[in-house]
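Here's the structure, in structure tokens; my notes come after.
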Amino acid sequence: MENIIDILNSRGLVEDITNQDLNNVVNEPIAVYAGFDPTSDSLQVGNLVTVMALAHFQRCGHKVIALAGGATGMIGDPSGKSAERVLLGESQIEVNVEGIKENLSRFLDFENKDAPALIVNNIDWLQKFSFIDFLRDVGKSFRVGSMLGKESVRSRLDSDVGMSFTEFSYQLLQAYDFLHLFDTEKCVLQIGGSDQWGNITAGIDLVHKLRGGQTYGLSIPLVLDSSGQKFGKSAGNAVFLSAKKTSIYDFYQFFIRTADDKVVELLKIFTFLSLDEIAELEELVKIAPEQRAAQKRLAEEVTLMVHGENGLRIAKSATDVLFGKSMDGLQAEDLLEVFSNVPSTELQNDQVAGISALDLSVTAGLCKSKGQARRLIESGGLYVNNNRVPSLDHLISASDIIDDKLVVLRSGKRNFHLVKV
RNA sequence: GGCGGGGUACUCAAGUGGACAACGAGGGCAGACUGUAAAUCUGCUGGCUACGCCUUCCAAGGUUCGAAUCCUUGCCCCGCCA
């Protein structure tokens, strides 16, 4: 068995380890877990870093456990958050946990005979606790001093937002998760993003105090994009794994647009390509950056894993069409296929033909207001069927409606909106 | 419970009776240049029937010719003390 820690290190997936003994411990199969917050019904590309690390563990023959924070999600992890979180309802969380399972199944093998991955929900064990029992059995083992010392707590107390008791208690719950999995699954390792360090060590301390057991923590570096933002969040719009939330096309494009100086790092993290292969791609980036061979390979690999072969095919054909020349000669049917995930609006024929492009962009919902549409056109950023709208009073003619069915609006380089007639 | 500070647009943050649709920064959107990259430069960033008009500065009242700015009440947040 290959040493999993060496593999993770070689791929830049290790930020820190609580105890270097872990290097030897993993020579035997162990159980490892990572938690996922069910704040949404889909994971985001940011979560993929942890998912990939788990997948590597499984490939090396370890037992991996994905923990859905059904209970902790109701409390809200303050780590890395500057403001108190909006609490989610129980039913919403159930839905979200299901979505996350679906995402995970693309990467983790839950059917594997030797070491099937496991998914658990901490609501199953945390819910049964009464407040009194929890304080006696768990709270007793925590010192407020060390709780206050956690980065997640300190930074919030230093800010003028403060923090509620609810959020302050969060670390106890996550610590108890580790204890529970230690007891029931002999789980001795928790991995997570580097912002989870405080929560992870809290769990290790708890297991040590109550069971005398030795457990470990491994943190994964936070992946940032080249502008220093949290990876996968552009303007607050996260890139999701679920096609319902982020179209396959957008997902694919997200990776295509990776900066040159980031692409090698991302290939190591988000694909299973061998380091040799990645080195070759790195060479190509140096020789012929304009070809973006590495970016393409990255986008293909990740899209394939998340959305399957059919998803990849859709994404690529959409890309071909949209970055080809014009749309002339394309049938409405083809366009519908390509744009299947693009927002669309159905309008009557008389709401389209003879109407100004300005009004159409508003009624279709591409622009929020006439003022916004006006500014967009004035700066030359509105396109009808890939042709720039030349003036404010430009009218849509009947011939602009492809096959009498379809008009393709575009704002800027990549925001499309379909109008179905 | 007491005392003090505060709530301004997506965020941070000026403005403390008229020149305020509200400085500035970040973010975002668009354009140019490019390789669907980065950097850089430019414009925009409340709404409209648009050289003008309408609705905004936590909420509701009030003072005033005139309020984001002053007063009252309420809600929320922060800090210190108990």
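Computed from a predicted structure; not experimentally measured. Chain identifiers are assigned alphabetically (A, B, ...) following the order of the sequence lines, protein sequences preceding nucleic acid strands; residue numbering begins at 1 within each chain.
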Considering Watson-Crick and G-U wobble pairs with both distances under 3.5 Å, what does C57(B) pair with?
none

Determine which nucleotide pairs with U64(B), using a 3.5 Å limit on both distances of a Watson-Crick or G-U wobble pair.
none

Expressed in whole Å, how much space separates the P atoms belonging to C3(B) and U73(B)?
13 Å

Among residues two or more places apart or on two chains, list those pairs meeting side chain to side chain donor-acceptor pair (under 3.5 Å) that have a residue in residues 348-365 of chain A.
S356(A)-D359(A), D359(A)-K370(A)

Please determine, for the side chain of S411(A), which listed nucleotide (A37(B), A30(B), G35(B)) has the closest atom?
A30(B)

Nearest-Å distance for atom pair CD/P, residues Q291(A) and G35(B):
12 Å

Show your working on side-chain contact (heavy atoms from CB on, under 4.5 Å) between E283(A) and E280(A) and close with a plain yes or no.
CA-CA 5 Å; E283(A) 197 57 31; E280(A) 281 172 33; 5.6 Å; no

Would you say E309(A) has more than 12 foreign heavy atoms packed within less than 6.0 Å of its CD?
no

Suppose you measure atom C1' in C76(B) against the same atom in C29(B); what distance do you get, rounded to whole Å?
33 Å

Under 4.0 angstrom, heavy atoms only, what part of the nucleic acid is Y252(A) near: base, sugar-phosphate, or nothing?
nothing

Taking atom C1' in both G62(B) and G17(B), compute the distance separating them and give it to the nearest angstrom.
15 Å

Heavy-atom closest pair, residues M147(A) and V153(A):
O-CG2, 3.5 Å

With rounding to the closest Å, how many angstrom separate the C1' atoms on G47(B) and U56(B)?
10 Å

Identified pairing partner of U40(B), criterion: Watson-Crick or G-U wobble below 3.5 Å
A32(B)

Give the rounded distance in Å between these two atoms: CG of D261(A) and P of G35(B).
18 Å

Tell me the partner of C10(B), counting only Watson-Crick (N1-N3 plus N6-O4 or O6-N4) or G-U wobble (N1-O2 and O6-N3) with both under 3.5 Å; none if nothing fits.
G26(B)

Using O4'-C1'-N9-C4 for purines and O4'-C1'-N1-C2 for pyrimidines, with syn meaning within 90° of 0, is C51(B) syn or anti?
syn

Given the P atoms of A22(B) and C53(B), what is the spacing between them in whole Å?
14 Å

Can you tell me the distance, in whole Å, between the CZ atom of R292(A) and the C1' atom of U34(B)?
11 Å

Starting at NZ of K262(A) and ending at C1' of A38(B), how long is that distance when rounded to a whole Å?
13 Å

For every nucleotide of nucleotides 45-51 of chain B, 5' to 3': is a protein heavy atom under 4.0 Å from its base (B), only from its sugar-phosphate (S), or from neither (-)?
S-SSSB-

Quickly work out the L298(A) CG to A37(B) P distance and round it to whole Å.
15 Å

Look at the side-chain N and O atoms of Y383(A) and state whether any lies under 4.0 Å from the OP1 or OP2 oxygen of G31(B).
yes

P spacing across the pair G1(B) / U69(B), given as an integer number of angstrom:
28 Å

Minimum-distance nucleotide to N415(A) side chain [options: C29(B), G35(B), U36(B)]
C29(B)

Which whole-number value in Å describes the distance from Q253(A) CD to G35(B) P?
17 Å

Determine the interatomic distance between C1' on U34(B) and the same-named atom on U40(B); round to the nearest Å.
11 Å

Whichever of R388(A) and R257(A) has its nearest RNA chain B nucleotide further upstream toward 5'
R388(A)

Would you please name every residue forming a ring pair (Phe, Tyr, Trp, His ring centres under 6.0 Å) with F129(A), sequence neighbours left out?
F134(A), Y176(A)

How far, in whole Å, is C70(B) from A21(B) if one measures between their C1' atoms?
22 Å

Less than 4.0 Å between a side-chain N and a carboxylate O, is that true for K101(A) and E98(A)?
yes

Indicate whether OP1 or OP2 belonging to U36(B) is found under 4.0 Å from a side-chain N or O atom of R410(A).
no

Length of the line joining D250(A):CG and U36(B):C1', which is rounded to integer Å
12 Å

Here's one to test your reading of the geometry: is the NZ or CZ of R257(A) within 45 degrees of the ring axis of Y252(A) and under 6.0 Å from its centre?
no

Strand partner of G4(B), provided both Watson-Crick or wobble distances fall under 3.5 Å:
C78(B)

What one should report as the nearest heavy-atom pair of R11(A) and L267(A) is NH1-O, 3.8 Å

Given atom CG of L284(A) and atom P of G35(B), what is their separation to the nearest angstrom?
18 Å

If I compare all heavy atoms of L108(A) with all of A117(A), which pair ends up nearest, and what's the gap?
CB-CB, 3.9 Å

